[in-house]
Amino acid sequence: MTKTYNNKAWFLVLPVLFLVAMNAVIPLMTVVNYSLQETFGDNLFFWAGTANYEAVLSSERFHTALLRQFIFTFTILAIEIPLGVAIALAMPKSGPWASVCLVLMALPLLIPWNVVGAMWNIFSLPDIGLLGWSLNSLAGAISSLLNLPPDQALTFNYTNQIGSAWFVVILMDVWHWTSLVVLLAYAGLRSIDDAYYRAAKIDGASRWAVFRYIQLPKMRQVLIIAVLLRFIDSFIVYTEPFVLTGGGPGNATTFLSIDLVKSALGEFNLGYAAAMSVIYFLISLFVCWLFYTLMTQSDAKREYEQ
Amino acid sequence: MGLEWMAWTPQTGIFFASIAGLLVVFTLWEIARPGGHPRIGILGLLTTRGDRLFMSLLAGAFIHLGWLAFATGPLWIASIIALGLAVIIFLVV
C-alpha cells in the first residue's frame with residue numbers, strides 16, 4: 001500500500017506560531033536591539049555597540065550571580081529527581097490510596113509562587129515561624145550538649161546567615177517542585193505493561209534489577225521532560241527566592257533573574273540588563289540543547305540505523 | 001502600529017534579516033532535498049541539516065561572547081572564526 005505524502009496539516013500550527021511570535025520572538029528581538037544601545041527613557045536611543053556586553057562579561061557581580069544560579073539549579077536537580085523517582089516508586093499502584101497520594105502530591109503545585117515564598121518566609125522566621133523556632137531550639141539543645149560558649153552557640157536565622165538562607169531556599173524549592181517529578185515519574189511507571197514484571201519474576205530478577213532494567217528505561221522519556229522542566233524553571237526562578245529572602249542576606253541568594261530585575265528596573269540600566277538577558281538566554285538555550293541532545297541521541301540513532 | 005518601541009538599528013535589522021534569510025534558504029534546501037540529510041559525525045551525534053545550523057549559530061554566539069570577554073581586537077575576527085567553525089560543523093559534524 002502506498003501512502004500519499006501530505007504534510008499540509010502543518011499549516012494548522014500557524015496560529016500557535018503567530019502567538020509565539022507575538023509573545024516571544026518579537027520581545028526577544030527588541031531585547032537584542034536594546035542590548036546594543038543606551039537609553040535614558042523617552043524612546044531615545046544611542047548606539048553603544050558591544051559596550052554593554054563587555055560590561056556584563058567583565059562584571060564580578062554577574063559572575064557571582066551566575067555561579068549562584070548554577071549551584072542552586074544543580075543542587076535542586078540532584079535532590080528533586082532522585083527523590084521524585086523514589087516517592088513515585090513507593091506510591092500505591094491502584095486503589096483509593098493512590099488517588100489520595102496523587103491529590104496530596106498535586107497540592108504544592110497549585111499554590112501561586114509568591115504565596116509559596118510568603119509561606120516559607122513566615123514558616124522559617126527564627127522566632128515565630130514553626131520551622132525556624134524548631135531549628136533554633138534544636139540548635140540550642142545541640143549547643144548546650146556540646147558545651148559551646150554563648151558566642152559560638154549554633155543558631156538558625158535565614159535573615160542574616162548565608163547558610164540558613166540557602167537551606168530555606170532549597171528546601172522551599174524541593175517542597176514546591178518535587179511533586180512535579182513525582183507525577184511525571186508515576187505516569188511513566190503506570191504505563192509499563194505488567195508482562196515485563198511477570199517476565200522479571202520468572203527470571204528471578206532482584207528488586208534493583210527490575211528498577212535498573214525495566215522501570216528506569218521505561219521512565220526515560222518522562223524523566224527527560226522532568227529534568228528539562230526543572231532545569232529551566234529553576235534557572236529562571238524569581239518570585240519564590242525574591243519573596244523569601246529578597247536576594248539576601250547581602251547578595252547571598254541573588255540569582256541571575258533577581259540581579260537582572262535589579263539592573264533593569266532598580267537601576268534603570270536597560271542596555272546593560274538587555275545584554276545580560278541575551279547572555280542569560282544563550283546559556284539556558286545551550287544547556288537545554290545539551291540535555292535534550294544527550295538524552296534523545298540513543299533513541300534517534302536506533303531509529304536512524306533501522 | 002509604529003515600530004519605534006522596538007528600537008531598531010540598521011545593524012540589528014541586518015542581523016535579523018540574515019537569520020530570516022537563512023531560515024528561508026534552509027526551507028528551500030529542505031524542499032529540494034527532503035529528509036534533512038541525517039548523519040553521524042565526528043562528535044558521535046546524529047545531526048540533520050537544521051541541527052547543524054542551530055549548532056553553528058549557537059557556537060557563533062558563544063564565540064563572539066568569548067571574544068568580548070577574553071580577547072582584545074576587532075570583533076570581526078570572532079565573526080571569521082565563527083564562520084570557519086560553521087563550515088567545519090557543516091562538513092564533519
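Note on naming: letters A, B, ... go to the chains in the order of the sequence lines (proteins, then strands), and numbering restarts at 1 for each one. What you see is a predicted model; the values in this text were computed from it and never measured.
For Phe45(A), the part lying near chain B is the side chain, with the backbone staying farther off; criterion is any non-hydrogen pair under 4.5 Å. For a residue to count as touching a neighbouring chain, one of its non-hydrogen atoms must lie under 4.5 Å from one of that chain's; by this rule Leu45(B) touches chain A with backbone and side chain alike. With a 4.5 angstrom heavy-atom cutoff, Leu294(A) does not touch chain B via any of its atoms. Within the 4.5 angstrom heavy-atom criterion, only side-chain atoms of Phe62(B), from C-beta onward, approach chain A. At a 4.5 Å heavy-atom cutoff, the contact between Leu36(A) and chain B is made by side-chain atoms alone. Using a 4.5 Å cut-off between heavy atoms, Thr293(A) touches chain B through its side chain atoms alone.
Between Lys218(A) and Asp193(A), none of the side-chain N atoms (NZ, or NE/NH1/NH2) sits under 4.0 Å from a carboxylate O, so this pair counts as no salt bridge.
The backbone N or O of Gly44(B) lies less than 3.5 Å from a partner atom in the side chain of Lys301(A), making a donor-acceptor pair. With hydrogens and angles ignored, the 3.5 Å screen pairs a side-chain donor or acceptor of Gln69(A) with a backbone N or O of Ser234(A).
At a cut-off of 3.5 Å, with distance as the only test, a side-chain donor of Tyr53(A) or Ser35(A) sits close to an acceptor on the other residue. Using a 3.5 Å distance cut-off with no hydrogens or angles, the side chains of Thr48(B) and His37(B) do not pair a donor with an acceptor.
Counting heavy-atom pairs closer than 4.5 Å to chain A, the top residue among Thr12(B), Thr47(B), Asp51(B) is Thr12(B).
Considering CD of Glu267(A) and NZ of Lys262(A), their distance stands at 8.0 Å, rounded to 0.5 Å.
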